[in-house]
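Only heavy atoms go into these numbers, but all of them, side chains included; no hydrogens, no water, no symmetry mates. Both counts, for ligands and for their atoms, begin at 1 and track the order of listing. Please read these numbers as outputs of a predicted model, since none were measured by experiment.
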Amino acid sequence: MSTPTIGVLALQGDVREHLVALAAADAVARPVRRPEELAEVDGLVIPGGESTTMSKLAVVFGMLEPLRERVRSGMPVYGTCAGMIMLADKLLDGRDDQETLGGIDMIVRRNAFGRQNESFEAAVDVRGIAGGPVEGVFIRAPWVESTGADVEVLASHDGHTVAVRQGNVLATSFHPELTGDHRVHGLFVEMVRAAQ
Ligand SMILES: NC(=O)CC[C@H](N)C(=O)O
């Protein structure tokens with residue numbers, strides 16, 4: 001099977017770290033800012049950052065509808081933190097004008113962990129990832145408040161859902177791209193391969 005080309009949405013956020021993690025997980029990785037670039041990738045990562053800014057820039061760059069269209073058409077997508085927010089069908093504690101792409105039938109609460117702790121790390125067991133828990137880095141992180149019947153819960157922390165998958169769309173509240181452990185990116189690269 002050929003090596004998949006995976007884009008990282010490069011409007012805002014920790015793009016470089018995802019490019020490095022994807023390359024380490026045996027994908028060809030490149031930044032994506034424009035619809036023409038989106039058309040050329042087999043899968044997409046939406047990075048951590050600030051979802052309100054990312055949503056605004058997606059409108060400015062004319063990316064909102066092209067992104068929605070590709071998610072709807074089944075392109076594999078993986079969102080971390082702000083990226084998870086972007087993939088939520090419904091959002092709590094977002095800004096009034098904040099747009100999401102949707103893709104996962106879930107309600108996500110923005111900054112849910114952030115009120116108590118700005119940032120923390122915790123070992124997280126992720127279904128489908130062998131070799132023990134991953135180090136979860138949570139930075140003003142959202143959690144998943146509820147999920148629809150077709151959504152698979154892959155991980156929880158403190159009783160809150162922090163990793164989910166629905167079909168080709170994967171999302172985590174935490175940031176594997178900041179840890180040097182590329183197993184979650186490896187899982188996503190396998191999802192992209194399987195969809196090719
Ligand atoms: N680390 C992150 O991506 C933080 C997400 C941020 N709190 C937001 O609302 O987008």
Strictly distance-based, threshold 3.5 Å: is any side-chain N or O of [X] a donor or acceptor partner for the main-chain N or O of [Y]?
X: D93; Y: R109; value: no
X: R30; Y: E37; value: no
X: D181; Y: V134; value: no
X: R110; Y: S51; value: no
X: Q98; Y: S55; value: no

For atom 7 (N) of ligand 1, which candidate among L91, V108, N111, L178 provides the closest heavy atom?
N111

Measuring centre to centre across the rings, with the benzene-like ring taken for any Trp, is H157 within less than 6.0 Å of F138?
yes

For Y78, give me all partners under ring-ring contact (aromatic ring centres under 6.0 Å, His included), at least two apart in sequence or on another chain.
H185, F188

Provide the number and element of each atom of ligand 1 under 4.0 Å from a heavy atom of [X].
X: R140; answer: 4 (C), 5 (C), 6 (C), 7 (N)
X: G48; answer: 3 (O)
X: I85; answer: 8 (C), 9 (O), 10 (O)

Note, L91 side chain near I85 side chain (heavy atom, < 4.5 Å):
yes

For ligand 1, is there an atom lying under 4.0 Å from some heavy atom of H175?
yes

Protein contact of [atom] - nearest heavy atom, named by residue and atom, plus distance:
atom: atom 5 (C) of ligand 1; answer: G49 O, 3.3 Å
atom: atom 10 (O) of ligand 1; answer: S51 N, 2.5 Å
atom: atom 9 (O) of ligand 1; answer: R110 NE, 2.6 Å
atom: atom 2 (C) of ligand 1; answer: C81 SG, 2.8 Å

Purely on distance, is any nitrogen or oxygen of I139 under 3.5 Å from one on ligand 1?
yes

Below 3.5 Å, N or O to N or O, backbone or side chain included: is there any such pair between A82 and ligand 1?
yes

